Amino acid sequence: MMRLDTKEKFMQWSAKAPANIALIKYMGKESFGVNIPANPSLSYTLPHLVTQVVMELYPGSEDIWEPLESNEFTAPLLNLAGQQRFLKHLNFLKQQFGYAGKFKVKSANNFPHGAGLASSASSFAALTMCASQALAELTQRPLPSLTQQAQWSREGSGSSCRSFFSPWSIWESNTASKIELPYPNLIHQVILIESDEKKISSSEAHRRIQTSPYYSERPSQAKKHLTQLLDAFNYQQWQKAFEICWQEFQDMHQLFHSANPGFSYFTPATEQVLLKLKTLWAHYQDGPVVTMDAGPNIHLLYRPEQKNLALEIKKIFAESYHVL
Ligand code: PMV
């Protein structure tokens with residue numbers, strides 16, 4: 001047991017980080033060990049979906065994780081493998097500072113667990129932010145830049161590096177950064193099709209898609225979508241942005257379906273909701289940007305002036321689904 005002096009005993013650090021939703025997807029890795037993506041990705045940061053991490057010095061011989069008790073946040077049900085992955089990342093961060101002391105790490109999300117929303121981006125970003133503060137203070141070094149913190153975070157969970165920048169974040173090779181685009185205040189909804197844990201994790205998806213006959217074309221296709229989408233946003237062509245994002249998530253799911261062995265996150269309900277969204281777009285000649293991650297749930301992004309449309313569409317889907 002390491003003995004902590006009185007001052008150290010009361011040292012505590014806390015950080016909060018948001019989730020993000022990619023419109024141009026990170027799927028496929030150039031380097032698996034350190035999560036270098038095969039193509040650039042673009043995401044919108046989701047400030048209402050947050051993980052909080054609290055760290056304190058711990059006198060034991062190993063770092064430990066505990067659920068964080070809080071009124072605002074619900075602790076994730078991190079299984080043993082999840083806890084180990086989290087603590088392995090903490091250990092990697094400690095190595096960056098040459099620090100050998102032990103920590104108790106607590107975390108919780110402000111979105112319900114079992115909601116089918118990936119929390120690895122927000123949780124790894126929050127852990128990296130919190131540990132960077134703690135370790136910089138304990139080793140009396142300057143706080144590393146957000147770019148540096150995002151690079152470390154990427155090694156724990158690729159997509160977490162985009163959560164350091166808002167509202168729009170772009171990630172290419174080893175660097176994520178903020179990108180200025182119109183639409184800084186989008187309204188985000190998720191139609192929850194299923195809340196169960198995914199059977200194929202995103203890590204496994206990154207590996208399996210390498211067997212798809214479409215995989216070799218994927219990086220150039222994603223780059224093309226990125227250029228087109230940045231143009232559509234910059235010229236404020238919302239419908240065009242919708243069409244590109246639709247094609248982009250369909251392309252990613254096509255990689256899943258055509259992998260060997262193939263797999264799918266689509267359920268009959270996913271298909272129905274997607275069809276209905278197309279019908280609504282045709283009816284209103286307007287609508288949300290639609291996207292899906294490696295899961296069956298459907299994310300919608302609206303411009304602020306589409307607030308009433310967002311409420312109407314929410315009402316339609318809330319008859320059959322939980323809409324967050
Ligand atoms: O960061 P990972 O390894 O969980 O991969 C995330 C992959 C997607 O969520 C499907 C796409 C993305 O860019 O966030």
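Atoms within each ligand, like the ligands themselves, are counted from 1 in listed order. What you see is a predicted model; the values in this text were computed from it and never measured.
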I'd like to know if Arg218 and Glu248 make a salt bridge, using a cut-off of under 4.0 Å between side-chain N and carboxylate O.
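Result for this pair is yes, salt bridge flagged.
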
I'd like to know if Asp251 and Lys224 make a salt bridge, using a cut-off of under 4.0 Å between side-chain N and carboxylate O.
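So Asp251 does not pair with Lys224 through a salt bridge.
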
Candidates Asp293, Ile193, Ile200 - the one meeting side-chain contact (heavy atoms from CB on, under 4.5 Å) with Tyr265:
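So the option named by the test is Ile200.
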
After noting the C-alpha distance and the side-chain angles of His299 and Thr291, does the key distance pass the side-chain hydrogen bond (donor to acceptor under 3.5 Å, both in side chains) rule?
CA-CA 5 Å; His299 293 253; Thr291 194; over 6 Å; no

For ligand 1, give me the residues whose heavy-atom distance to it is below 4.0 Å, by chain and number please.
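Contacting ligand 1 under 4.0 Å are Ala22, Lys25, Tyr26, Met27, Ser157, Gly158, Ser159, Arg162, Ser202, His206, Met252, Asp293, Ala294.
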
Arg154 to Trp171 six-membered ring, cation-pi geometry met (6.0 Å, 45°):
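Ring-cation test returns no.
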
Aromatic Trp281 / basic Lys276 pairing, under 6.0 angstrom, 45° off normal:
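Not flagged: Lys276 not positioned over aromatic ring of Trp281.
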
